[in-house]
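Below: one structure, written as structure tokens.
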Amino acid sequence: MSRGAFIVFEGLDRAGKSTQVSMLLQALKDRSIPAQKQVFPDRTTAIGGIINDYLAKKVELPSEAVHLLFSANRWECKNSIQESLEKGTTLVVDRYAASGAAYSSVTTGRPLEWCRAPDQGLPAPDLVLFLEVSPEAQKTRPDWGGERFERDETQSKVAKSFRQLATSNWVFVDAGRTKEEVHQDVLDFALKAIEACKQQPIGKLDE
Ligand code: 2DT
Ligand code: MG
């Protein structure tokens, strides 16, 4: 049996990731392609609960500790990710390891290599859809919710880190257009990835 694809959306806050995740899931369901949503951070787990309190500014923690919690939050989902892919379910994921490294390189001031290390060995995405928005377009979207990192200055630094993390399975999608136009491109790339990875083994980050 062929496996599902591991499709990840990355980008800054207010890039439209959640909207595109929902639209892609619906389009795959319409085509009878088994697909499931996964969101990181997964705030429903015990570790996710601490991350949620940190983001909501209810607790203070060193940035390095938070970085490791974000990574642990992915590790606790490793088996379920692997099992879903193996049974043929495509995963549509809102943020993953690149968000971990891009945000933490800014908040900890540590090299990207240090930030990427804890995620090494996790299942690797088959496709990363990076939704690009200009700071101007970002400003036209609904206001910040007041969570940590939701500041223009942080965002522009994180954008630079994201660019340094891009590999050959990344595509940059102009997300400054209408959601339908963005979705057309997204669906195209997703269907190709689903086809291409069917007989490929699941990759691992940095291994
Ligand atoms: P949302 O805005 O998508 O709810 O994310 N973040 C996320 C990190 O700093 N490291 C990570 O590993 C992940 C997955 C990005 C909440 C914030 O958490 C940041 C924004
Ligand atoms: Mg956010």
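Order of listing sets the numbers, starting from 1, for every ligand and every atom in it. FYI, the numbering just counts along the sequence from 1. Only heavy atoms go into these numbers, but all of them, side chains included; no hydrogens, no water, no symmetry mates.
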- Task: Name the orientation class of the two ring planes belonging to F130 and F172 (parallel below 30°, tilted from 30 to 60°, perpendicular beyond 60°).
- Result: tilted
- Over 60° means perpendicular and under 30° means parallel, so classify the ring planes of F6 and Y96, tilted if in between. perpendicular
- Task: Kindly indicate whether a cation-pi arrangement holds for R14 with W144, taking the cut-offs as under 6.0 Å to the six-membered ring centre and within 45° of the axis.
- Result: yes
- Can you tell me how far OG1 of T154 sits from CZ of R148, rounded to the nearest 0.5 angstrom? 11.5 Å
- Measure the spacing between CD1 of I51 and CG of L61 and express it to the nearest 0.5 Å. 10.0 Å
Just list the N/O pairs, ligand 1 to protein, that are under 3.5 Å apart, with the distance for each.
{"residue": "ligand 1", "atom": "2 (O)", "partner": "D13", "partner atom": "OD1", "Å": "3.1"}
{"residue": "ligand 1", "atom": "3 (O)", "partner": "R95", "partner atom": "NE", "Å": "2.7"}
{"residue": "ligand 1", "atom": "4 (O)", "partner": "R43", "partner atom": "NH2", "Å": "2.9"}
{"residue": "ligand 1", "atom": "5 (O)", "partner": "R95", "partner atom": "NE", "Å": "3.4"}
{"residue": "ligand 1", "atom": "12 (O)", "partner": "R74", "partner atom": "NH1", "Å": "2.7"}
{"residue": "ligand 1", "atom": "12 (O)", "partner": "R74", "partner atom": "NH2", "Å": "3.3"}
{"residue": "ligand 1", "atom": "12 (O)", "partner": "G100", "partner atom": "N", "Å": "3.3"}

- Message: Strictly under 2.8 Å, is the Mg ion (ligand 2) approached by any N, O or S atom of E147?
- Response: no
- Note on the structure: For the Mg ion (ligand 2), the nearest N/O/S atom on D13 is atom OD1
- Query: Looking at V92, V39, I7, which one forms a side chain to side chain contact (heavy atoms under 4.5 Å, CB included) with V21?
  - Reply: V92
- Item | Lys/Arg-Asp/Glu bridge criterion (N-O < 4.0 Å) met for D13, R95 | yes
